[in-house]
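Here the structure comes first, spelled out in C-alpha cells, and everything after it is commentary.
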Amino acid sequence: MTIEPTCRVEFGAGAVEDLPRFVTELGHQRALVVTDRGLQAAGIAPRAGKILHSAGIEHEIHDDISANPSAAEIDRGAARARAFGRAVVIALGGGSPLDAAKGIALLAGNPGAAAADADALWDAADGLPVIAVPTTSGTGAETNGFGVIEDTCARRKVYIGHPSVRPRIAVLDPELTLGLPSRVTAATGVDALVHGIESLAARGANPMSAAFAQHAVTLIGRWLPVAHRDGGDLEARAQLMFGAHLAGQALTISGLGLVHGIGHAITAHTGTPHGVALAAVLEEVIAFNAPAAAAAHAQAARALGAVDGDGTAATIAAVRELSGPLEIRKPLRQLGVAREMLPELARAAVQDPVTRNNPRTPTEAEVLDLLAEVY
Ligand SMILES: NC(=O)c1ccc[n+]([C@@H]2O[C@H](COP(=O)([O-])OP(=O)(O)OC[C@H]3O[C@@H](n4cnc5c(N)ncnc54)[C@H](O)[C@@H]3O)[C@@H](O)[C@H]2O)c1
Ligand SMILES: [Fe+2]
C-alpha cells in the first residue's frame with residue numbers, strides 16, 4: 001500500500017493570522033486571493049487582505065466565483081492570475097472558491113490552456129502553489145489537487161486538476177466558520193458526513209482511508225448537531241472542521257460513490273447546493289449498497305454510536321436521526337427537478353466517473369427507480 005502524505009495542516013483558532021508567514025515559507029512575497037462575494041460580505045476576505053497588507057505581502061482579491069463554479073469563471077480567474085504574475089494562490093472560502101482556485105492556479109502555469117481542456121490537463125505543466133483556507137466544514141477540498149467545475153453547456157460536472165495544485169498548506173481556522181449561516185452549516189456538514197460514509201464503502205477504500213473515515217464520521221456525528229444548534233460554539237466548530245478535513249483525507253485516498261454521482265447530476269440540472277442534493281438520496285443509496293457494503297456499514301454505524309444490529313439499518317437510522325433536525329432532506333420535486341428529467345439524471349449519475357467507485361455498480365434503471373422513490 002502506497003500512501004502519499006497530503007498537505008501540511010495548520011489547525012487552530014486564529015491560524016489565519018499566520019498567512020503572511022506561510023506565503024513567505026513557500027518562497028513568495030505576493031498572493032492572489034481567490035474567494036467569493038459571500039466571503040467579501042462576511043468580512044472574511046477583507047480581513048485576509050488586511051493581514052497580508054500589514055505584513056507587506058502584495059496581493060489582489062479575486063471574488064468573481066459563484067457556488068458551483070463554471071468553466072468561464074475559471075478562465076476569467078486564470079486571466080487575472082496571469083496578469084498578476086508569479087504568486088501564491090490563496091484559496092479562501094467553501095468548496096467553490098477552493099475548487100476554482102485550483103483550476104485557476106493550474107491554468108496560470110499553462111499559458112494558452114482553458115478550463116474546457118480540463119480532461120487534458122492532468123499531465124500539464126505545474127500550476128502556481130496553493131494555500132487553502134476553508135471557511136466551511138464540508139468538502140475537504142483542501143486535501144486534494146482537483147476541483148469539480150460545471151460545464152454549463154453540457155450540464156455536467158467536470159474534474160480539473162493536477163498534483164501541483166494540491167494545496168501545499170491547509171489553514172484550518174475554526175473561527176472563520178463562526179458566522180456560517182445554519183443552513184450552510186447543515187448542507188456542508190452533511191457533505192462531510194457523506195464523504196466519510198461513502199469513503200468507508202468505496203471500492204478504493206483501504207485501511208488508511210478507513211482510519212480517516214471512521215474518525216471523521218465519529219466527529220461529524222457528534223459535533224454537527226451542536227454546531228448547527230449554536231453556530232457560535234467554537235469547540236463544536238473546531239471539532240466539525242477537523243472531522244470534515246479527515247473526511248477529505250479519506251475521500252482523497254478512497255474516492256466516493258453513487259451518492260455523489262447522483263448529487264452532481266441534481267446540482268448540474270437544478271443548482272441545488274451540493275450537500276442538499278446529497279441528503280435527498282443518501283438513505284436510499286445506503287440501502288441500495290447493502291449487499292456489497294455490509295462491513296463498511298457496520299463500521300459507519302459504530303462510528304455513529306450504534307453498537308449492534310444490522311449495520312445498514314443502523315446507519316440509515318443514525319443518518320435519519322442526525323439529519324432530521326437539520327431540515328435538509330427534501331423530495332426531488334422540491335429541488336426543482338421535473339419528473340421528465342429523471343431519466344436524464346439517472347444517465348448522468350451512471351456516467352459520472354465517481355459512480356464507478358461505488359461498491360455496487362448500478363444500472364440506469366436501478367438509479368431511475370431510486371430517484372422515483374425520492375421524488
Ligand atoms: N474538491 C473536492 O474534493 C470537493 C468535494 C466535495 C464538493 N466539492 C465542491 O464544493 C462546492 C461546494 O462547496 P461548499 O459546500 O463549501 O459551498 P460554497 O463554497 O458554494 O459556499 C456556500 C455559500 O456559503 C458562503 N460562505 C462560505 N463560508 C462562509 C463563512 N465562513 N461565513 C459566511 N458565509 C460563508 C459562500 O459565500 C457561499 O455563498 C461544490 O462546487 C462541490 O462540487 C469539491
Ligand atoms: Fe462532496
Side-chain angles (χ1 to χ4, degrees), residues 6-65 69 77 80-81 83-105 108 127-143 147 165-181 184-185 188 227 231-235 237-238 240-242 244-245 248:
T6 59
C7 52
R8 166 177 157 196
V9 176
E10 296 285 346
F11 176 50
V16 73
E17 295 292 335
D18 288 330
L19 263 181
R21 177 164 63 81
F22 304 145
V23 172
T24 52
E25 283 176 11
L26 292 177
H28 287 263
Q29 285 300 322
R30 313 174 73 244
L32 178 69
V33 180
V34 175
T35 187
D36 66 25
R37 292 177 200 92
L39 272 303
Q40 290 277 37
I44 293 173
R47 180 174 164 213
K50 242 180 240 153
I51 292 167
L52 293 168
H53 177 76
S54 60
I57 304 283
E58 190 189 335
H59 70 277
E60 283 184 12
I61 295 185
H62 180 76
D63 64 10
D64 173 24
I65 305 293
R80 178 98 183 250
F84 187 59
R86 300 302 297 174
V88 169
V89 171
I90 298 179
L92 175 71
S96 301
L98 262 53
D99 279 5
K102 289 184 255 182
I104 289 168
L128 300 178
V130 177
I131 295 175
V133 190
T135 64
T136 62
S137 295
T139 68
E142 70 279 7
T143 59
V165 295
R166 181 162 75 183
R168 308 286 178 91
I169 306 176
V171 181
L172 305 183
D173 184 342
E175 278 179 5
L176 300 182
T177 63
L178 287 173
L180 199 60
V184 186
T185 302
T188 52
D233 183 329
L234 184 60
E235 166 77 357
R237 290 294 196 183
L240 184 59
M241 179 169 255
F242 199 67
H245 176 73

Heavy-atom side-chain contact between Asp64 and Arg37 under 4.5 Å: yes

Any side-chain heavy-atom pair of Thr24 and Gln29 under 4.5 Å: yes

Heavy-atom side-chain proximity of Ile90 to Val23 below 4.5 angstrom: yes

Over all atoms of both residues, closest heavy-atom pair of Val89 and Ala105: CG2-CB, 3.9 Å

Residue list, side-chain contact (heavy atoms from CB on, under 4.5 Å) with Pro134, at least two apart or on another chain: Leu98, Glu142, Leu172

Nearest heavy atoms of Thr143 and His245, plus distance in Å: CG2-CE1, 3.5 Å

Over 12 foreign heavy atoms within 6.0 Å of CZ, Phe22: yes

Sequence-distant partners of Arg21, salt bridge (Lys or Arg N to Asp or Glu O under 4.0 Å), two or more places apart: Asp18, Glu25

Pairing of Arg47 and Glu17 as salt bridge, 4.0 angstrom limit: yes

Shortest non-hydrogen separation from Thr136 to Gly94 and the atoms involved: OG1-CA, 3.5 Å

Heavy-atom closest pair, residues Gly49 and Ile61: CA-CD1, 4.1 Å

Nearest heavy-atom neighbours spanning Leu92 and Ala45: CD2-CA, 3.6 Å

Side-chain touch Leu32/His62, heavy atoms, less than 4.5 angstrom: yes

Among Val130, Val34, Val165, side-chain contact (heavy atoms from CB on, under 4.5 Å) partner for Ile104: Val34

Closest non-hydrogen atom pair between Thr177 and Ser137, with its separation: CG2-OG, 4.1 Å

